Amino acid sequence: QVQLVESGGGLVQAGGSLRLSCAASGRTFSMYAMGWFRQAPGKEREFVAGISWSGGSTYYADSVKGRFTMTRRNAENTVTLQMNSLKSTDTAVYYCAASTYSSGIYSQLNYNYWGQGTQVTVSS
């Protein structure tokens, strides 16, 4: 069982930066691949970024490549999402998720545990 708690959301102007964090409970955190997803009003939840259990591999949606960076610290049971050059289209609720699957990191169907979400609002 893993519990996830996101933090770091807020209001920022376009072009600015935010850093999201996700704290996980449980001693088996290092066994999970982790992902960030987001859901904008009236839209489906979409993949943003993912990271392998070791942190050695990262994956990004085309819309955020070069602007967002995902990292993890297994010793601290945390993952972060550094978001730079934010755009109004990045406005959404951002969710942290954990997956026991060894593949399919892009699909929310492969994630077992979800956080409650944190709001990110980018003003233009």
Side-chain angles (χ1 to χ4, degrees):
Q1 192 84 2
V2 175
Q3 292 184 326
L4 305 171
V5 179
E6 303 96 335
S7 61
L11 174 64
V12 65
Q13 288 189 333
S17 297
L18 278 176
R19 185 179 180 89
L20 303 183
S21 294
C22 175
S25 64
R27 292 177 292 177
T28 59
F29 173 74
S30 62
M31 295 174 61
Y32 293 86
M34 299 294 295
W36 284 98
F37 290 76
R38 67 186 181 187
Q39 187 167 21
K43 294 189 176 182
E44 297 285 325
R45 186 160 57 184
E46 64 177 3
F47 173 83
V48 175
I51 192 166
S52 62
W53 66 270
S54 66
S57 298
T58 52
Y59 310 84
Y60 298 97
D62 288 342
S63 59
V64 307
K65 277 181 183 176
R67 300 188 298 122
F68 291 11
T69 302
M70 185 174 183
T71 57
R72 70 186 295 163
R73 291 188 176 185
N74 286 342
E76 299 175 6
N77 281 14
T78 59
V79 293
T80 60
L81 184 68
Q82 178 66 43
M83 305 186 295
N84 298 329
S85 302
L86 283 161
K87 306 174 181 179
S88 58
T89 51
D90 295 318
T91 295
V93 177
Y94 283 71
Y95 297 91
C96 173
S99 172
T100 56
Y101 290 88
S102 59
S103 63
I105 202 166
Y106 294 94
S107 173
Q108 59 181 310
L109 298 177
N110 293 326
Y111 287 79
N112 312 79
Y113 304 102
W114 293 83
Q116 82 289 349
T118 185
Q119 177 71 47
V120 171
T121 303
V122 183
S123 63
S124 56

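Nothing fancy with the numbering, it's 1 onward along the sequence. Everything quoted here is computed from the prediction, not taken from an experiment.
- For residues 86-101, every residue pair satisfying the salt bridge (charged side-chain N to carboxylate O under 4.0 Å, His left out) rule, not counting sequence neighbours, is listed here: Arg38-Asp90, Arg67-Asp90.
- Hydrophobic cluster of Trp114: the remaining members, joined at side-chain heavy-atom separations below 4.5 Å, are Phe37, Phe47, Tyr59, Val93, Tyr95, Ile105, Tyr106, Tyr111, listed by chain and number.
- When each of Met34, Arg19, Met70 is tested with Leu81 by the rule side-chain contact (heavy atoms from CB on, under 4.5 Å), just one qualifies, namely Met70.
- Counting all heavy atoms, side chain and backbone alike, Ser17 lies closest to Asn84 at OG-OD1, 2.9 Å.
- Between the CD atom of Gln108 and the OG atom of Ser99 there is a distance of 12.0 Å, given to the nearest 0.5 Å.
- Going from atom SG of Cys22 over to atom CZ of Arg72 covers 10.0 Å, rounded to the nearest 0.5 Å.
- Atom CG in Leu4 sits 9.0 Å away from atom CD in Gln116 (nearest 0.5 Å).
- Put simply, the side chain of Asn74 never gets that close to the backbone of Ser30: no donor and acceptor are under 3.5 Å apart.
- The backbone N or O of Tyr101 sits nowhere less than 3.5 Å from a side-chain atom of Asn110 that would complete a donor-acceptor pair.
- Residue-environment remark: CD (Glu46) exceeds the threshold of 12 foreign heavy atoms within 6.0 Å.
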side-chain contact (heavy atoms from CB on, under 4.5 Å) assessment of Met83 paired with Leu20: CA-CA 8 Å; Met83 305 186 295; Leu20 303 183; 3.7 Å; yes
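- At a threshold of 4.5 Å between non-hydrogen side-chain atoms, the residues Phe29 and Val79 count as touching.
- Taking CD from Gln119 and OG1 from Thr91, the interatomic distance works out to 7.5 Å, rounded to the nearest 0.5 Å.
- Transitive grouping of hydrophobic side chains (ILVMFWY, heavy atoms separated by less than 4.5 Å) keeps Trp53 and Val2 in distinct clusters.
- Contact detail for Ala40 and Ala92: the closest heavy-atom pair is N-CB, 3.8 Å.
- In this structure, the side chains of Thr100 and Tyr32 come closer than 4.5 Å at one or more pairs of heavy atoms.
- Counting all heavy atoms, side chain and backbone alike, Ala49 lies closest to Tyr60 at CB-CD2, 3.7 Å.
- Considering OG1 of Thr58 and CZ of Phe68, their distance stands at 14.0 Å, rounded to 0.5 Å.
- Remark: the backbone N or O of Ser25 is not paired with any side-chain donor or acceptor of Asn77 at under 3.5 angstrom.
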*Kindly indicate, with the supporting measurements, whether the criterion side chain to side chain donor-acceptor pair (under 3.5 Å) is fulfilled by Thr80 and Thr71.*
CA-CA 5 Å; Thr80 60; Thr71 57; 2.5 Å; yes
